[in-house]
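Scope of the values below: all heavy atoms of this structure, side chains included, with no hydrogens, waters or symmetry mates. Counting starts at 1 for both ligands and their atoms, in listed order.
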Amino acid sequence: MAGTFDLRGKRVFVAGHRGMVGSAVVRRLAAEDCEILTVPRETLDLRDQAGVRRWMADHRPDAVVIAAAKVGGILANDRFPVDFLNDNLTLQTNIIDSAFRSDVRKLLFLGSSCIYPKLAPQPMPEDALLGGPLEPTNEWYAIAKIAGLKLCQAYRRQYGVDYISAMPTNLYGPGDNFDLDSSHVIPALMRKAHALKRSGGKTLEVWGSGKPMREFLYVDDAADALVFLLKNYSGDSHVNVGTGEDISIADLAGAVVSVVGGDARITFDPTRPDGMPRKLMDVSRLFATGWRPRYALRSGLERTYAWFLHHLEKGDVRLGPR
Ligand code: GDP
């Protein structure tokens, strides 16, 4: 896989730079000899087509990374189907189309492992896409992400531009959302375990059966893989980004308690949904390039907890209304 896009001297627009993934991409791009462009949400609503077209025409980036998305855990996905489908379809189409109109040469669209069918073969190869029905708790988000990767493919096919897609597995790390109503599992369990340690409470409540299997990638590893793909990949197919290893939610809960400290006992709430039974990426395409993650789950969890403690003190962790 020869280098296809030299970042040196390029202007790279990171859409969604305040989010967990976008901010990690900005951190990683700082090590490249490129100019990073960002725009605050207050200045530009990415759902506003005319605004995005104007911004893109005015700023003329050479490359675009779409890390902007309406995201959330299993509960939020289920509760706000319009937001997950409509916001994502709108903002990604605006950015991809405006990028094309402004002659952006390279574009990287980010999806998620939930694009694959509920009962996809495990680990899930890139060609498992559209092989069966989606998991209902996240189908709104998944449909939007599938449309985004197809739109990049369509632009490649019709206009020959180098627009690529990466599908990261479940991500976690600094900048994650710790609001229990909308968060993913790691920040939720970390926040709950931390509260128990403080209060001396004894039971950590885990949603579902504890049996689902999930793969987790530390966000700085994800950003490293994304910048690697931006520079080196220009294929038609999307590329899975993960570790190739998974863990049960019950074992994950044990690992979180051990990192946070305290002696909480784990209980399960079967009235909450399990979601996909298993979601393990087949990462052979990515690993064939030689790329590997740096952080094992344990060290990623330790770093995330250190970040959480530091930012709790500073008062800028996303905790939600409670
Ligand atoms: P998913 O990968 O799209 O299902 O996203 P999540 O990170 O929200 O959930 C992963 C798994 O963790 C699901 O089986 C959840 O039921 C389970 N889980 C256990 N406790 C929690 C919790 O407190 N919050 C969330 N979001 N998920 C939890």
Asker: State the atoms of ligand 1, each with its element, that fall below the 4.0 Å cut-off from a heavy-atom position in Ala188.
Answerer: 22 (C), 23 (O), 24 (N)
Asker: Who's closest to atom 15 (C) of ligand 1 heavy-atom-wise, of Pro187, Pro273, Gly275?
Answerer: Pro273
Asker: If the cut-off is 4.0 Å to any non-hydrogen atom of Asp274, which atoms of ligand 1 fall inside it?
Answerer: 13 (C), 14 (O)
Asker: Is it the case that more than 12 heavy atoms not belonging to Arg318 sit under 6.0 Å from its CZ atom?
Answerer: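 Result for CZ/Arg318: enclosed.
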Asker: Once the angle between the rings of His194 and Phe308 is folded into 0 to 90°, is it parallel (under 30°), tilted (30 to 60°) or perpendicular (over 60°)?
Answerer: perpendicular
Asker: When only distance counts, is Glu205 in polar contact with ligand 1, meaning an N/O pair under 3.5 Å?
Answerer: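 In this structure, Glu205 places no N or O atom under 3.5 Å from an N or O of ligand 1.
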Asker: Determine, step by step, whether Glu245 and Leu297 satisfy the side chain to side chain contact (heavy atoms under 4.5 Å, CB included) criterion, reporting the C-alpha distance in whole Å, the side-chain angles of both residues, the deciding distance to 0.1 Å, and the verdict.
Answerer: CA-CA 10 Å; Glu245 287 170 22; Leu297 181 61; over 6 Å; no
Asker: Would you please say whether a donor-acceptor pair under 3.5 Å links the side chains of Ser182 and Asn177?
Answerer: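 Yes, Asn177 and Ser182 have a side-chain donor paired with an acceptor closer than 3.5 Å.
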Asker: Can you report which non-hydrogen protein atom sits closest to atom 10 (C) of ligand 1, along with the distance?
Answerer: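 Here the closest protein heavy atom is Arg214 NE, 3.7 Å.
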Asker: Using a 4.0 Å heavy-atom cut-off, say whether Met276 meets ligand 1 through its side chain, its backbone, both or neither.
Answerer: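 Neither; nothing of Met276 gets under 4.0 Å from ligand 1.
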Asker: Are Leu130 and Leu89 connected in a single hydrophobic cluster, I mean Ile/Leu/Val/Met/Phe/Trp/Tyr linked by side-chain heavy atoms less than 4.5 Å apart?
Answerer: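 Shared cluster, yes.
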Asker: Tyr172 vs Phe216 aromatic rings, parallel, tilted or perpendicular, using cut-offs 30° and 60°?
Answerer: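 It falls in the perpendicular class, over 60°.
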Asker: Would you mind checking which non-hydrogen protein atom is closest to atom 3 (O) of ligand 1, with the distance to 0.1 Å?
Answerer: Lys279 NZ, 3.4 Å
Asker: Between Tyr116 and Asn240, does a side-chain hydrogen bond (donor to acceptor under 3.5 Å, both in side chains) hold up when you go through it step by step?
Answerer: CA-CA 11 Å; Tyr116 293 114; Asn240 289 343; 2.6 Å; yes
Asker: Within the 4.0 Å heavy-atom shell around Ile249, which atoms of ligand 1 are there?
Answerer: 11 (C), 12 (O), 19 (C)
Asker: Please determine, by modelled atom types, if Asp224 and Trp291 share a side-chain donor-acceptor pair under 3.5 angstrom.
Answerer: yes
Asker: Which residue holds the protein heavy atom closest to atom 28 (C) of ligand 1, what is that atom called, and what is the gap in Å?
Answerer: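 Scanning the protein heavy atoms, the shortest distance from atom 28 (C) of ligand 1 goes to Val185 CG2, 3.5 Å.
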Asker: Under 4.0 Å from a heavy atom of Pro212: give me the atoms of ligand 1 that qualify, with their elements.
Answerer: 14 (O)
Asker: Do me a favour and list the nearest non-hydrogen protein atom to atom 5 (O) of ligand 1 with residue, atom name and distance?
Answerer: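 Closest protein heavy atom to atom 5 (O) of ligand 1: His184 CD2, 3.7 Å.
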Asker: Between CG of Asp236 and CG of Leu149, what distance do you get to the nearest 0.5 Å?
Answerer: 10.0 Å
Asker: Just say parallel, tilted or perpendicular for the rings of Tyr155 and Tyr163, cut-offs at 30° and 60°.
Answerer: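 Answer is tilted, since the angle falls between 30° and 60°.
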Asker: What about Gly208: any of its N or O atoms under 3.5 Å from an N or O on ligand 1?
Answerer: no
Asker: Using a 4.0 Å cut-off to any heavy atom of Val206, which atoms of ligand 1 qualify?
Answerer: 19 (C), 20 (N)
Asker: Counting heavy atoms only, which part of Thr137 comes closer than 4.0 Å to ligand 1: side chain, backbone, both or neither?
Answerer: neither
Asker: Any N or O of Ile74 that comes nearer than 3.5 Å to an N or O of ligand 1?
Answerer: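 Yes, at least one N or O pair falls under 3.5 Å.
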Asker: To check your reading of the model: name the closest protein heavy atom to atom 26 (N) of ligand 1, its residue, and the distance in Å.
Answerer: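 Heavy-atom neighbour on the protein nearest atom 26 (N) of ligand 1: Ser183 O, 3.0 Å.
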Asker: Checking Cys152 against Ile96 for the side chain to side chain contact (heavy atoms under 4.5 Å, CB included) test, could you report, in this order, the C-alpha distance in whole Å, the side-chain angles of both residues, the deciding distance, and whether it holds?
Answerer: CA-CA 7 Å; Cys152 289; Ile96 296 168; 3.9 Å; yes
Asker: List every atom of ligand 1 that sits less than 4.0 Å from any heavy atom of Lys192, numbering the atoms from 1 in the order shown and giving each element.
Answerer: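 Per the distance check, 23 (O).
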Asker: Are Thr137 and Asn77 packed together at the side-chain level, in the sense that at least one heavy-atom pair is separated by less than 4.5 angstrom?
Answerer: no
Asker: How far is atom 22 (C) of ligand 1 from its nearest protein heavy atom, and which residue and atom is that?
Answerer: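 The answer is Trp207 CD2, 3.5 Å.
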Asker: Counting from 1, what ligand 1 atoms have a heavy atom of Asn170 closer than 4.0 Å?
Answerer: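 This gives 2 (O) as the contact atoms.
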Asker: Please report whether ligand 1 has a polar contact with Gly73, defined as an N or O pair separated by less than 3.5 Å (distance criterion only).
Answerer: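 No, since none of the N or O atoms of Gly73 sits under 3.5 Å from an N or O of ligand 1.
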